[in-house]
Amino acid sequence: MSERVAVRKTYKLFIGGKFPRSESGRSYLVQDSNVSLASRKDARDAVVAARAAVKGWAGATAYNRGQILYRVAEMLEGRRDQFVALGAPADEVDAAIDRWVWYAGWSDKLPQVYGGANPVAGPYFNLSAPEPTGVVAAVAPEAPALLGLVSVIAPAIVTGNTVVVAASPAAPLAAVTLAEVLATSDLPGGVVNVLTGRLAETVPTLAAHMDVNAVDLTGVADAELAAELEVKAAENLKRVLRPAPADHDWYADPGLTRMTTLLETKTVWHPKGV
Amino acid sequence: MFEYAPAPESRSVVDIKPSYGLFVDGAFVDPTDGGSFKSVNPASEEVLAEIAEAGNEDVDRAVRAARTAYEKVWGPMPGRDRAKYLFRIARIIQERSRELAVLESLDNGKPIKESRDVDLPLVAAHFFYYAGWADKLPYAGFGPDPKPLGVAAQVIPWNFPLLMLAWKIAPALAAGNTVVLKPAETTPLTALLFAEICQQADLPAGVVNIVTGAGDTGRALVEHPGVDKVAFTGSTEVGKAIARAVAGTRKKLTLELGGKAANIVFDDAPIDQAVEGIVNGIFFNQGHVCCAGSRLLVQESVADRVLESLKRRMAQLRVGDPLDKNTDIGAINSAAQLAKIRELSEVGAAEGAERWSPPCELPERGFWFAPTIFTGVTQAHRIAREEIFGPVLSVLTFRTPAEAVEKANNTPYGLSAGIWTDKGSRILWTADRLRAGVVWANTFNKFDPTSPFGGYKESGYGREGGRHGLEGYLNV
């Protein structure tokens with residue numbers, strides 16, 4: 001009996017809940033697979049998809065968003081071995097799963113921790129509450145590819161933002177596989193969009209895009225490129241998360257800054273009276 | 001309009017020196033290159049004082065003084081002692097509030113009733129509020145032991161000179177930072193009096209440094225490699241330049257920039273209250289307010305009634321001597337700002353909007369602009385898109401709540417908004433959809449030290465006031 005011929009997977013982009021090839025028709029070889037080489041046009045298409053998803057996702061209840069993020073953890077747990085087979089250390093996969101669980105719980109707690117009533121000196125009701133800033137363009141760190149990717153996506157979307165993320169160019173297989181997890185977790189299409197390919201090609205387009213509200217430069221290791229991207233981001237005053245230091249501990253408690261930098265605080269006043 | 005006898009506030013409470021140096025390391029010093037400029041009273045064009053202009057070397061000296069104070073004195077000082085200095089400053093401001101209010105009105109042109117009843121009480125309250133945080137930072141929600149950043153470079157505008165100083169300095173000092181602050185070149189006097197208050201409070205030298213000057217001084221300060229934090233309030237254009245200047249550094253940046261706020265009046269709003277809110281929204285402080293309600297969005301069915309009441313009310317506004325206690329609208333802050341307001345108003349008329357001002361006699365000397373409204377404004381008009389920063393209101397109409405929200409959000413800015421309606425659920429529905437940092441419902445232009453203030457989109461980032469205001473000055 002002859003050995004079974006394996007069915008190989010095509011690794012494509014993840015835009016608007018679908019898995020298209022790059023519109024440029026290009027690919028690059030990583031870990032024996034042809035991976036889509038995203039173009040500037042793909043980046044712009046991803047922003048359009050992310051913008052279209054903002055209304056529904058930001059308008060979803062915090063409870064609903066928390067449930068969906070937890071569902072991502074469930075799906076990831078089920079595919080644990082697949083990520084290990086792609087080369088992620090088991091403890092990294094476990095940490096990535098746990099990170100989804102951690103962030104899932106923040107959806108309906110951050111507004112209480114980060115907002116609240118303000119005791120103004122007058123007869124006014126005054127309440128501050130955080131809101132998502134909108135579309136976030138993020139650059140995942142090169143390593144750890146899976147945990148790093150999860151650590152930039154989850155804090156952005158848990159509060160209602162949508163994301164276009166440039167995956168680590170050296171480890172795109174984990175990113176595309178994570179996109180498959182997201183696609184089967186009831187996450188609405190367009191909330192997370194994943195680009196694979198060269199950072200220098202897609203990220204400047206995202207940083208300069210006038211319909212992007214924030215950039216997360218976490219994974220930009222080249223200091224010169226990071227500064228250039230921050231200059232582009234200034235054109236419409238995008239909120240900026242600067243690159244993580246090289247010795248950043250991805251396994252440590254992430255804290256709130258990754259979430260709060262991508263939030264706006266809205267304060268509403270109303271007089272009290274009869 | 002009733003004729004009132006003049007009721008001028010006395011100038012004798014202030015003692016303006018002929019010239020002022022820079023406040024560096026606890027003392028007033030001459031600038032290295034001896035440059036200076038004049039600050040004038042915009043209501044009379046009288047020169048008030050000669051002000052030192054800080055060059056690169058002066059800025060460097062101030063930053064080094066702030067660094068030394070941070071490392072040697074203010075950083076190591078227990079929070080409870082920092083708190084006491086801030087409480088002292090708050091008390092001295094209360095004690096000298098009339099002097100500060102008169103000086104503010106002289107230098108800025110704003111009516112004394114506003115500097116006396118709005119600016120100064122808020123300034124004192126702001127220091128009092130943040131004083132209490134200095135020894136409670138572990139409870140502020142930024143972790144058990146949040147650290148200051150170091151030296152803060154702060155650049156403030158001319159519309160609320162002392163209040164903007166308070167918004168910058170109080171949280172910075174409470175969090176344990178030291179500061180170098182540059183007041184606006186047209187309104188440096190209350191900041192320099194504040195420097196004297198720091199001396200009176202025995203605040204350690206170098207904790208607060210005041211460098212006066214114009215754009216070049218501000219640029220030197222923001223770009224100085226020795227600062228850890230940049231806080232700016234001013235125009236969106238300069239804010240973007242600053243964001244570019246700090247790119248690639250580790251400087252933490254907060255920006256409070258321009259606005260083009262929509263003030264939305266629904267058909268069930270109490271008209272008289274709404275009209276008071278519209279007037280307060282755009283004519284408070286001559287409209288020199290980044291969060292001014294400069295776009296009136298009024299529901300079509302009540303537009304005629306609202307405009308009729310608004311015009312009647314505008315005819316009662318008293319424009320004139322800022323030091324007169326009956327004055328509602330004072331002087332435009334500078335000749336340059338007046339030129340900008342005139343230019344945009346002319347563009348408004350040229351683009352087809354209908355211009356109206358009440359009969360209004362303006363003083364001969366000084367910089368003045370009558371309260372003005374434009375009706376028939378469309379979203380494409382420049383007066384509906386650009387910040388005029390003067391007493392000029394653009395009136396647009398809408399039919400449905402969804403259209404109101406769409407128009408309100410159709411701007412690159414997102415600082416503030418107003419909603420006038422009797423229906424609670426409509427307030428909350430509308431407030432949820434407005435992309436603005438402060439939403440005033442059935443009120444407008446209210447401020448409080450406990451209430452976070454700041455914008456969405458191109459109105460900047462970060463919040464000033466409240467617990468949120470500490471975040472910009474902590475290493476979190």
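Just so it is clear: chains get the letters A, B, ... in the order the sequence lines come, proteins before strands, and each one is counted from 1. Quick caveat, the model's predicted, so the values are computed rather than measured.
When each of A:Val268, A:Thr265, A:Asn118, A:Leu229 is scored by its heavy-atom pairs under 4.5 Å with chain B, the top score falls to A:Thr265. Of the listed residues (A:Thr133, A:Leu256, A:Asn213, A:Leu127), the one with the most heavy-atom contacts under 4.5 Å to chain B is A:Thr133. In terms of non-hydrogen atom pairs under 4.5 Å with chain A, the most contact-rich of B:Gly460, B:Pro412, B:Gly465, B:Gly466 is B:Gly460. With chain B as the partner, the residue from A:Glu228, A:Lys266, A:Glu230 showing the most heavy-atom pairs under 4.5 Å is A:Lys266. The residue among B:Thr450, B:Thr443, B:Thr236 with the most heavy atom pairs within less than 4.5 Å of chain A is B:Thr450. When each of B:Gly143, B:Gly141, B:Ala243, B:Ser451 is scored by its heavy-atom pairs under 4.5 Å with chain A, the top score falls to B:Ser451. Taking A:Val120, A:Val231, A:Leu217 one by one and counting their heavy-atom pairs under 4.5 Å with chain B, the maximum is reached by A:Val120.
In this structure, chain A has a heavy atom under 4.5 Å from the side chain of B:Ile427, while its backbone stays farther away. For B:Ser416, no part sits under 4.5 Å from any heavy atom of chain A, backbone or side chain. Using a 4.5 Å cut-off between heavy atoms, A:Thr260 touches chain B through its side chain atoms alone. In this structure, chain B has heavy atoms under 4.5 Å from both the backbone and the side chain of A:Asn236. Of the atoms belonging to B:Ala436, it is backbone heavy atoms, and not side-chain ones, that fall under 4.5 Å from chain A. Looking at B:Leu257, the atoms closer than 4.5 Å to chain A (heavy atoms on both sides) all sit in the side chain, from C-beta outward. Using a 4.5 Å cut-off between heavy atoms, B:Arg250 touches chain A through backbone and side chain atoms alike. With a threshold of 4.5 angstrom between heavy atoms, B:Phe447 approaches chain A through N, CA, C or O but not through any side-chain atom. Within the 4.5 angstrom heavy-atom criterion, only backbone atoms of A:Lys238 (N, CA, C, O) approach chain B. Within the 4.5 angstrom heavy-atom criterion, only backbone atoms of A:Pro132 (N, CA, C, O) approach chain B. Proximity to chain A is limited to the side chain of B:Leu255, based on heavy atoms less than 4.5 angstrom apart.
Without hydrogens or angle criteria, A:Arg242 side chain to B:Gly248 main chain gives no donor-acceptor distance under 3.5 Å. Side chain of B:His468 to backbone of A:Tyr114: a donor-acceptor contact under 3.5 angstrom is found. Using a distance-only test at 3.5 Å, with no hydrogens or angles considered, a donor-acceptor pair links the side chain of A:Thr267 to the main chain of B:Pro452. The main-chain N or O of A:Ala121 is found under 3.5 Å from a side-chain atom of B:Asp448 such that the two form a donor-acceptor pair. Panel note: side chain B:Lys446, backbone A:Gly122; no donor-acceptor pair is recorded below 3.5 Å.
The 12-atom threshold is exceeded at CZ of B:Phe87, counting heavy atoms of other residues, nucleotides or ligands nearer than 6.0 Å. Counting heavy-atom neighbours within 6.0 Å of B:Arg433 CZ, excluding the residue itself, gives a total above 12. Heavy atoms from other residues, nucleotides or ligands lying under 6.0 Å from CD of B:Glu386 number more than 12. No more than 12 heavy atoms of other residues, nucleotides or ligands lie within 6.0 Å of CZ in B:Arg91, so this atom counts as exposed by the packing criterion.
Shown here for B:Lys240 and A:Leu237, the closest heavy-atom pair between the two residues is CG-CG, 3.9 Å.
The pair A:Glu235-B:Arg244 meets the salt-bridge criterion, with a side-chain N (NZ, NE, NH1 or NH2) lying under 4.0 Å from an Asp/Glu carboxylate O.
Annotation: the span from B:Asn442 atom CG to A:Phe125 atom CZ amounts to 13.0 Å, rounded to 0.5 Å.
Close approach to chain B, defined as a heavy atom under 4.5 Å from one of its heavy atoms, is seen in no residue of residues 96-112 of chain A.
A:His270 has its side chain out of reach of B:Trp440: every pair of non-hydrogen atoms, C-beta onward, lies at least 4.5 Å apart.
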Please step through side chain to side chain donor-acceptor pair (under 3.5 Å) for the pair B:Tyr461 and A:Glu264, ending with a clear verdict. CA-CA 8 Å; B:Tyr461 38 73; A:Glu264 309 292 338; over 6 Å; no
